[in-house]
Amino acid sequence: MELSDCSNEYEKLVVRMNMPRVVIDNGVCPNTTVVKIDSARSPGILLESVQLLTDMNLWIKKAYISSDGKWNMDVFHVSDLNGNKLTDENLIRYIEKSIETSHYCKTEGYTGLTALELTGTDRVGLLSEVFAVLADLECDVVEAKAWTHNGRIASMIYVKDGNSGTPIHGDSDRVQRVEGQLRNLLTADDGYQNDTRTCVSYGGNTHMERRLHQRMFMDRDYEKKFDIENSPIVSVQNLPKRGYSVVNLQCKDRLKLLFDVVCTLTDMAYIVFHAAIRTVGETAFLEFYVRHSDGHPVSSEPERQRLIQCLQAAIERRTVKGVRLELCTADRPGLLAEVTRVLRENGLNIARAEISTKDGVARNVFYVTDANGNLIDPEIIQSIREKIGIDDLSVKELFPTSCREAVEKEQHQEPQDHQGRYGGGTVLVSLGSLVMRNLYQLGLIKSYF
């Protein structure tokens, strides 16, 4: 046997020894499935595990993360979207196989597509104009996601040639036209100092949501705060004797919350050594013991403030805003441009979008508000559905959960409490009840509080 063959066999042995070991147990907890992962410590391994679980739409209700020397021991309590244990044996085996091979075998990608990355100043109708430009340039949108936060927008769009179905990045002249027109749309006109950014590349293994976090982080969206009062609670304290910084977060629990936090810590070059995550009711409590990649804890007040702001922004970017509209219809050239044009003409702003096309069917989700970020008149929603197609466009979510909670709380308050303690809040609660009642009368929902 040649030396090179010995070397290859040794490398294979090292890989097999360091591959994550996964145990999935349904008998430990009455309400959740426990996923235990033991793995050799390596950069980004925690993020990969959390990313895989969240990409399968699993809700992480509790977690314990510990690093002992060069080995990680992570425990996740997960449920499906309905809050139930995982009972599908095929799904369980798929999770085991995916985690065990994830760090060494990357299979997910967007081969054969061209990736467009956009960052700029958000405004009403911007996404509509972006999709109109792409339609005019005969670029079909296959997959896309767009987030808005603090007056900024970041989007990742995968396109192909509308005629041949091939990537467009091989045509340099066409790429320049696409970049130039999109850059003109995204140019800031409010004096905000951040520059517009566009990027065209070949579709690869980029994780879209992680890339959106990175784009908004590079755009420094965390610096411009509009709603400090309702921001997630984040604190950072040092433990000098142990050499850790302790990061505590408290906010409303939601899907993919842990991914958003770990993604941001990773991109900011903080290493998680220990962590505990738990939920009480609808509130999530997260605690992380971290050090910077240079081996030191947070070393200055500006660094501490920046870490707090970045974590708050990471949580807020995915916060549900406005009415959730779901479009499911046969795909056709210019569909996105047409639908978003209708939204724009009715004065609606797209706060978040998720675009997907598979097997000739377009499945698109839009979170929309009015131009000022407020609730939308139900009659406008009905008008939009009639223009786009009643059977194609459905209303799935009415407004942020916080508003729904306010309605429920108002209903349980005594009259004197309601008037004395909440004062002006009565207007918001009454508005929420009015919107619910109107949507019910228009037949957009089956019931209201």
Side-chain angles (χ1 to χ4, degrees), residues 20 35-54 60-77 99 102-103 207 209-214 216-218 220-223 231-254 256-279 283-318:
V35 180
K36 304 176 183 177
I37 306 174
D38 294 337
S39 60
R41 185 170 187 82
S42 59
I45 187 66
L46 172 60
L47 176 58
E48 288 185 8
S49 298
V50 174
Q51 177 179 304
L52 278 165
L53 293 174
T54 54
I60 300 176
K61 293 293 187 178
K62 187 187 297 183
Y64 304 99
I65 297 162
S66 180
S67 172
D68 185 9
K70 296 184 178 181
W71 201 255
N72 285 344
M73 294 174 286
D74 305 330
V75 179
F76 302 95
H77 291 243
I99 294 176
S102 64
H103 198 52
H207 189 273
E209 294 181 342
R210 183 176 183 190
R211 186 59 182 157
L212 287 176
H213 275 302
Q214 292 173 334
M216 299 206 92
F217 173 71
M218 290 187 293
R220 306 172 77 89
D221 71 312
Y222 53 86
E223 291 185 339
S231 295
I233 300 172
V234 182
S235 66
V236 178
Q237 296 177 323
N238 280 354
L239 292 180
K241 292 184 178 180
R242 297 189 177 272
Y244 293 120
S245 290
V246 183
V247 180
N248 280 283
L249 303 94
Q250 179 183 335
C251 61
K252 182 176 178 57
D253 189 30
R254 61 165 172 76
K256 300 189 178 182
L257 174 63
L258 182 59
F259 167 79
D260 293 338
V261 173
V262 174
C263 180
T264 299
L265 289 172
T266 302
D267 290 337
M268 294 184 72
Y270 289 100
I271 300 172
V272 177
F273 287 85
H274 306 281
I277 291 87
R278 62 188 178 94
T279 56
T283 303
F285 300 87
L286 303 90
E287 184 176 62
F288 299 88
Y289 289 74
V290 304
R291 292 181 187 139
H292 199 267
S293 57
D294 61 10
H296 296 94
V298 174
S299 58
S300 66
E301 180 60 21
E303 181 186 357
R304 189 180 76 86
Q305 290 297 330
R306 182 170 178 264
L307 176 56
I308 291 174
Q309 291 176 345
C310 289
L311 290 173
Q312 288 175 332
I315 296 171
E316 292 169 348
R317 288 169 194 149
R318 207 195 292 266

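Taking CG from Leu286 and CD1 from Ile315, the interatomic distance works out to 7.0 Å, rounded to the nearest 0.5 Å. Within the model, atoms CG of Leu46 and OG of Ser39 stand 8.5 Å from one another, a figure rounded to the nearest 0.5 Å. With values rounded to the nearest 0.5 angstrom, Ser42 atom OG is found 10.0 Å from Trp71 atom CH2. For the atom pair CD1 of Ile308 and OG of Ser231, the computed distance is 11.0 Å after rounding to the nearest 0.5 Å. Interatomic distance, CZ of Arg254 versus OG1 of Thr279, reported as 14.0 Å (0.5 Å rounding). For the atom pair Cys263 SG and Gln214 CD, the distance stands at 6.0 Å (nearest 0.5 Å).
Residues Glu287 and Arg278 are not paired through a salt bridge, judged by the lack of any N-O separation under 4.0 Å between the basic side chain and the carboxylate. Ion pair Asp260/Arg318 flagged as a salt bridge, since at least one NZ, NE, NH1 or NH2 atom sits closer than 4.0 Å to an Asp/Glu carboxylate oxygen. Electrostatic pairing of Glu223 and Arg220 counts as a salt bridge here, judged by a charged N lying under 4.0 Å from a carboxylate O.
For the pair Leu53/Ile99, a side-chain contact is recorded, criterion being any heavy-atom separation below 4.5 Å from C-beta on. Side-chain contact between Glu316 and Pro232 is present, with heavy atoms from C-beta onward closer than 4.5 Å. Between Val261 and Phe288, the closest side-chain pair of non-hydrogen atoms falls below 4.5 Å. Put simply, the side chain of Val247 does not reach to within 4.5 Å of the side chain of Tyr270, judged on heavy atoms. Counting only heavy atoms from C-beta outward, the side chains of Leu258 and Thr54 never approach each other to under 4.5 Å. Contact annotation: the side chain of His77 approaches that of Tyr64 to within less than 4.5 Å [non-hydrogen atoms, C-beta and beyond]. Using a 4.5 Å heavy-atom cutoff, the side chains of Phe259 and Glu209 are in contact. Inter-residue side-chain proximity for Met216 and Tyr222 is flagged as unmet; no heavy-atom pair is nearer than 4.5 Å.
In terms of heavy-atom proximity, Gly243 sits nearest to Arg291 at O-NE, 2.8 Å. Shortest non-hydrogen contact noted between Ser67 and His274 is O-CE1, 3.7 Å. When all heavy atoms are compared, the tightest approach of Val236 to Ser245 is CG1-CB, 4.4 Å. Taking both residues in full, the closest heavy atoms of Ser293 and Ile271 are given as CA-CD1, 4.0 Å, listed atom of the first, atom of the second, then distance. Residue Phe76 comes nearest to Asp74 through the heavy atom pair CE1-CB, 3.6 Å, listed as atom of the first residue, atom of the second, then distance.
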Next item on the list: Start with the C-alpha distance between Leu249 and Leu311, add both sets of side-chain angles, then the distance that settles side-chain contact (heavy atoms from CB on, under 4.5 Å), and finish with yes or no.
Entry: CA-CA 9 Å; Leu249 303 94; Leu311 290 173; 4.1 Å; yes

Checklist line | Worked check of side-chain contact (heavy atoms from CB on, under 4.5 Å) between Leu265 and Val272 | finding: CA-CA 8 Å; Leu265 289 172; Val272 177; 3.9 Å; yes

Margin query: For a side-chain contact (heavy atoms from CB on, under 4.5 Å) check, start with the C-alpha distance between Val75 and Val35, then their side-chain angles and the critical distance, and finish with the verdict.
Written below: CA-CA 6 Å; Val75 179; Val35 180; over 6 Å; no

Checklist line | Derivation of the side-chain contact (heavy atoms from CB on, under 4.5 Å) call for Leu239 and Tyr289 | finding: CA-CA 9 Å; Leu239 292 180; Tyr289 289 74; 3.6 Å; yes

Check: Do Gln309 and Arg306 pass the side-chain hydrogen bond (donor to acceptor under 3.5 Å, both in side chains) test, and can you show the C-alpha distance, the side-chain angles, and the key distance before you say yes or no?
Finding: CA-CA 5 Å; Gln309 291 176 345; Arg306 182 170 178 264; over 6 Å; no

Next item on the list: List the steps and the verdict of side-chain hydrogen bond (donor to acceptor under 3.5 Å, both in side chains) for Thr283 and Gln250.
Entry: CA-CA 7 Å; Thr283 303; Gln250 179 183 335; 5.4 Å; no

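Residues satisfying the side-chain contact (heavy atoms from CB on, under 4.5 Å) test with Ala314, not counting sequence neighbours, are His213, Thr264, Arg317. Evaluation of the side-chain contact (heavy atoms from CB on, under 4.5 Å) rule for Thr266 yields Leu47, Arg210, Val262 as partners, not counting sequence neighbours.
Ring geometry for Tyr244 versus Phe273: interplanar angle of 30 to 60°, hence tilted.
Asn238 contributes a side-chain N or O that, together with a main-chain N or O of Val298, makes up a donor-acceptor pair within less than 3.5 Å. A side-chain donor-acceptor contact under 3.5 Å links Glu303 to the backbone of Ser299. Using modelled atom types, one side-chain atom of Ser49 and one backbone atom of Ile45 make a donor-acceptor pair closer than 3.5 Å.
Heavy-atom neighbours of Gln237 CD from other residues, nucleotides or ligands within 6.0 Å: at or below the threshold of 12.
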